[in-house]
Amino acid sequence: MKSFRHLSVQLLLLATLFPILALCYINPATTSIHQNATKSSAYRAYIVLVQPPPSNAGEDAHHQWHESFLSRSLAGDSRKSCLLYSYTEVFNGFAVRLTDAELDIVSKKPGFVRAFPDQTLQLMTTHTPEFLGLRNGTGFWSQADYGKGVIIGLLDSGIYAAHASFNDHGVPPPPARWKGSCDAARCNNKLIGAKSLIADHDSDDEQGHGTHTSSTAAGNFVTGASYNGVGTGTAVGIAPSAHIAMYKVCDARDCKASATLAGLEEAIKDGVDVLSLSLGSSTSASFDQDPISIGAFSAVSKGILVVCAAGNNGPIQRSVTNEAPWLLTVAASSVDRSFGANIHLGNGKTIDGEALTQIGNPRSKLHSLLYSKEWRYCNYDYDSSITGKILLCKDNKSRAQRSKIRNIVGAGATGVVLFNDEISGYTTTVTDYNSSVVQVTAADGEALIAYIASTDNSSMASLAYNGTQFGVRPAPVVASFSSRGPSSLAPNILKPDILAPGLNILAAWPSKTGH
Ligand SMILES: *[C@@H]1O[C@H](CO)[C@@H](O)[C@H](O)[C@H]1NC(C)=O
Ligand SMILES: *[C@@H]1O[C@H](CO)[C@@H](O)[C@H](O)[C@H]1NC(C)=O
Ligand SMILES: *[C@@H]1O[C@H](CO)[C@@H](O)[C@H](O)[C@H]1NC(C)=O
Ligand SMILES: *[C@@H]1O[C@H](CO)[C@@H](O)[C@H](O)[C@H]1NC(C)=O
Ligand SMILES: *[C@@H]1O[C@H](CO)[C@@H](O)[C@H](O)[C@H]1NC(C)=O
Ligand SMILES: *[C@@H]1O[C@H](CO)[C@@H](O)[C@H](O)[C@H]1NC(C)=O
C-alpha cells in the first residue's frame with residue numbers, strides 16, 4: 001500500500017514536470033494552484049474542433065475519440081475529469097483546460113482542426129402582446145394556436161420554476177419527439193425541460209434574466225400582474241401555449257462560450273423548435289472564429305430557428321452582435337405604454353414624463369424648481385436650501401445617484417425631475433426610485449434648464465402622476481441602447497433583422513432576487 005502511494009506521488013511529480021503526461025490530469029477547479037508550479041504558462045479553457053472519429057459509432061466512441069487527443073500515456077478515469085464538455089451536435093470537438101505547451105501538443109495530433117480560447121459572454125437585459133396586435137381569441141394569436149406544440153429552448157441563467165407564469169393551464173403535453181429532461185423544482189406541460197450545463201449549479205435562476213426571458217417568450221396567462229400597482233393587467237408571453245426548455249449556461253455573473261455550446265448541443269439533441277439567446281460577446285469575432293456562430297449554424301441546418309438579441313451597445317454604429325446571416329437578430333424597441341407623470345410649470349406648460357413609482361397625490365401644489373450646473377447629478381449635500389423644492393438633475397445611471405436621490409427626497413426635498421443624458425436621448429428606462437422622481441427625455445431636460453434660466457431661479461412646478469397610459473405615439477421606437485448595424489464583419493448584411501419590444505417590459509422575476 002505504502003509503495004503504491006509512493007508511486008502515485010512520483011506520477012504526480014512527473015505529470016507536473018512533463019506537460020505530455022500532465023495533459024488532462026489537472027482538475028479544472030485547482031488549476032490556479034498549479035499555475036506557477038509548471039514552467040509553461042497558465043491554464044486556459046479552449047474550445048477545440050476536431051474531425052469526426054474514424055469510425056462513427058455512438059456517443060461513447062465520440063467521447064473516447066475526444067479523450068484520445070488529451071493523453072497518450074495516462075489511462076483511467078483521471079482523463080475524463082479534464083474534458084469540460086464534449087460536443088457532437090454543434091460540431092465535433094470538446095472544451096478543455098490546457099497550457100500553451102499542451103495545446104501545442106494537442107494541435108499536432110491527427111484529426112485536430114482548430115482551437116478557440118473560451119470566451120465570456122454577457123447577458124443582455126433590460127401590454128406587449130396587445131401592442132403587437134395579439135388579441136385573445138382572434139387573429140394571428142389563435143391562428144398560430146398560441147404557439148401550441150412549439151418547444152422554445154432558452155440558453156440563459158436558469159429559471160425560477162415556481163413562478164405563476166409557468167403554470168401549464170391549457171398547455172397540452174409535449175410532442176412525442178421531445179427527448180429532454182427537466183430537473184426544476186416544478187416541471188409540467190409548460191416547463192418541460194430544465195438543465196444546468198454549469199458544474200455545481202442546478203437549473204434555478206440566481207440572476208433573474210432567464211426567468212424574465214422565458215416568461216416574455218412563452219409565459220402563460222397570469223391575471224392581475226403588476227409592478228407595485230403600475231402596469232396592471234394580464235401578463236402573458238408571446239407564445240402562451242408553447243413549451244419552455246431552459247438550458248442554464250450562465251451563472252449570476254456571466255456565461256462562457258463553452259457552456260453555451262454545451263446548451264446548444266443539448267437543445268439540438270432534445271428536439272427544440274426555436275432557440276432564444278439573449279446573450280452575446282461584447283466584441284464581434286469573424287464568423288469562422290466565433291464558436292457560437294458555428295454551433296448555431298448546426299442548429300439552423302437541423303431546422304431550428306435561432307433567435308438572438310442584437311445587443312445593448314447602442315446607439316453606436318456597428319455595435320450589433322450575433323450578426324451571422326443564419327441567425328434572426330432582434331433589436332429592442334419601445335411599446336405604446338407609458339407610466340405617465342407630468343410636470344406642470346408655473347407658465348402653464350406641461351411636460352410629459354414617466355415614473356415607475358407613482359407616489360403621492362394625483363397633483364401636488366406648486367413648488368420651486370431648481371437647477372444648478374454644479375449639482376447637476378443631484379449630488380447635493382442636503383441642507384435647508386432644498387427643503388420643499390423640486391430639483392432638476394441629469395441621470396448618470398449610477399447606484400450612487402439612486403441612493404443620493406432617495407436620501408435627499410427622504411430628507412425633505414419635494415421631488416426630483418431626472419433628465420436623460422444625450423446618449424439615452426428619448427429612451428427613458430423607467431427605474432424604481434421609491435420616491436417622487438419623474439424621468440424625462442434629454443430634450444425636455446434642456447427645455448427645463450432653459451425655462452429655469454429664463455426665470456432667474458423663480459420657476460415653479462408641480463408633479464402629477466397619471467398612471468399607466470396606452471396608445472403612446474410614436475411607437476415602436478428603437479431604444480437608444482439597442483445595438484445598431486451595419487455588421488462590422490460583413491457590412492453588406494443588413495442587421496438587426498427585426499425589432500421587438502424590449503424597453504420597460506414587465507415580466508416574471510424570481511421573487512428572491514428582490515426586484
Ligand atoms: C505567478 O507568477 C507571476 C509572476 O511570474 C505572479 O505575478 C503571479 O502572482 C503568480 N501567481 C500565483 C497564483 O502565484
Ligand atoms: C385568454 O385566453 C386564454 C386561453 O384561451 C384563457 O385561458 C385566458 O383566461 C384568456 N385571458 C383573458 C384575459 O381573457
Ligand atoms: C439657482 O439655485 C441654485 C441652487 O440653490 C444655485 O446653485 C444657482 O446658482 C442659482 N442660480 C441662479 C441663476 O440664481
Ligand atoms: C453620479 O451621481 C452621483 C450622485 O449624485 C455622484 O456621486 C457620482 O459621482 C456621479 N457619477 C458620475 C460618473 O458622474
Ligand atoms: C419605499 O419607501 C417607503 C417609505 O417612503 C418605505 O416604507 C418602503 O420600505 C420603501 N420600499 C422599498 C422597497 O425600499
Ligand atoms: C391622464 O390620463 C388620461 C387617461 O387615463 C388622459 O386622458 C389624460 O390626457 C392624461 N393626462 C395627462 C396630463 O397626461
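Atoms within a ligand are numbered from 1 in the order they appear, just like the ligands themselves. What you are looking at is a predicted structure, and each value in this text was computed from that prediction instead of being measured.
The environment of CG in Asn492 is crowded: more than 12 heavy-atom neighbours from other residues, nucleotides or ligands sit within 6.0 Å. Lys349 NZ: 12 or fewer foreign heavy atoms inside a 6.0 Å radius.
Taking a cut-off of under 4.0 Å to the non-hydrogen atoms of Asn379, the atoms of ligand 4 that pass are 5 (O). Near Cys378, meaning under 4.0 Å from one of its heavy atoms, ligand 4 places the atoms 5 (O).
Considering only non-hydrogen protein atoms, atom 7 (O) of ligand 4 sits nearest to Ala400 CB, 4.0 Å. Of the protein's heavy atoms, Asn396 ND2, 4.8 Å lies nearest to atom 9 (O) of ligand 4. Gln401 CA, 3.5 Å is the protein heavy atom nearest to atom 4 (C) of ligand 4.
The nearest protein heavy atom to atom 2 (O) of ligand 4 is closer than 4.0 Å.
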Test side-chain hydrogen bond (donor to acceptor under 3.5 Å, both in side chains) on Thr120 and Asp254; report intermediate values, then the result.
CA-CA 7 Å; Thr120 298; Asp254 53 36; 4.6 Å; no
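Looking only at side-chain heavy atoms (C-beta outward), Arg337 and Glu354 stay at 4.5 Å or farther from each other. The closest side-chain heavy-atom distance from Glu102 to Val96 is not below 4.5 Å.
Below 3.5 Å of separation, one finds an N or O of Tyr377 facing an N or O of ligand 4.
When atom types are taken as modelled, the side chain of Thr260 and the backbone of Lys256 share a donor-acceptor pair closer than 3.5 angstrom.
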